[in-house]
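Below is one structure, written out as structure tokens, with a few remarks after it.
Each ligand, and each atom within it, is numbered from 1 in the order the structure gives.
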Amino acid sequence: MLDNLVYGHAEIVQQVLGIPLVVGQVGDREVLEALLRGRHPSLVGTPHEGRPVEAVLHFAAYAYVGESVTDPAKYYRNNLGDTLTLLEALVASERPLPIVFSSTCATYGLPQQVPITEDHPQAPINPYGQSKLMVEQLLRDFGRAYGLPSVIFRYFNAAGADPDGDLGEDHTPETHLIPRVLDVMSGREPYLQIFGDDYPTPDGTCIRDYIHVSDLAEAHVLGLERLLRIREREEPTKDPLVYNLGNGTGYSVQQVIETAKKVTGRGLLAHVARRREGDPAQLVASATRAREELGWRPRYPDLGTIIEHAWAWHRNRHG
Ligand code: UDP
């Protein structure tokens, strides 16, 4: 795994996942070349030494929407610029290496209708979403020009934790709703701010489609297998295969809080605060394409289960 450790956790990669970690930038062509050939010094003595990479899963990006508005250069340099270098490395060999790319529902901008299908117009309203959309465009162009095969996954709200409690969210700063709710419930934070209760939704709070991280992971395996099959059969490379990853069910901020109370048996202090800039009232996926084409079946669609796993992880991590 290549990670610059700006937000990553070395001990998780090495001790929990047990895979070699290469510390470096996705935009460092030299590191990439060495890694793709299995020749990076960090791979010496591992089963990966001398084994060329067959496909790439590209997750690395900055993902704070607010920061992307105040410091767009940082987002375009990292999310777009470094990814361009990666794609150039992938198409440098005679047979371009397939790639699975983490995109986002933020590329849709303000939804014209929900559920959102993959062909909904894409009009991001912040540089974070724009940087992801630009990479989608690169993948399309690189597919057509250089035969680069790709899958684009547009994540909705990634949530939950590995069911056995070894892996979960650990962000600094933490901005996501579910971990913040759990921080308050465990006493790590004094209160929760609800960003707006005057949205045109049944209880006035924003509705999101929360998808369990293990289900996201499963989709990546299916996407990768599909790309490798296409490559094996030497089918001509077409446009990227694009899939929304969500459950197709929306929950409001209030519903998340109520569910968390049931799961944890704890209460929480919440204040209604101003709307957070750039938050659409509702984001709910139509995820039928991933079901039909990849055979993806989310195992943990229930919000209670998602929060239960996040809570187990939270207690494991923070005591
Ligand atoms: N939210 C909130 N209080 C918080 C964090 C988030 O009310 O402390 C709301 C946020 O406005 C959004 C929803 O919870 O409507 C999900 O936010 P999150 O940051 O988890 O994900 P996003 O939708 O931004 O990807």
Closest non-hydrogen atom pair between Gly223 and Val151, with its separation: O-CG2, 3.9 Å
ring-ring contact (aromatic ring centres under 6.0 Å, His included) assessment of Tyr76 paired with Tyr62: CA-CA 9 Å; Tyr76 289 117; Tyr62 290 138; over 10 Å; no
Salt-bridge present (Asp279, Arg276; N to O < 4.0 Å): yes
Under-4.0 Å salt bridge between Glu33 and Arg37: yes
Centroid-centroid distance, Phe153 to Phe59, less than 6.0 Å: no
Within the 4.0 Å heavy-atom sphere of ligand 1, strictly under, residues: Asn157, Thr175, His176, Leu177, Arg180, Leu192, Gln193, Ile194, Phe195, Cys206, Arg208, Tyr210, Val253, Arg276, Asp279
Selection residues 221-242 - residue pairs positive for ring-ring contact (aromatic ring centres under 6.0 Å, His included), sequence neighbours left out: none
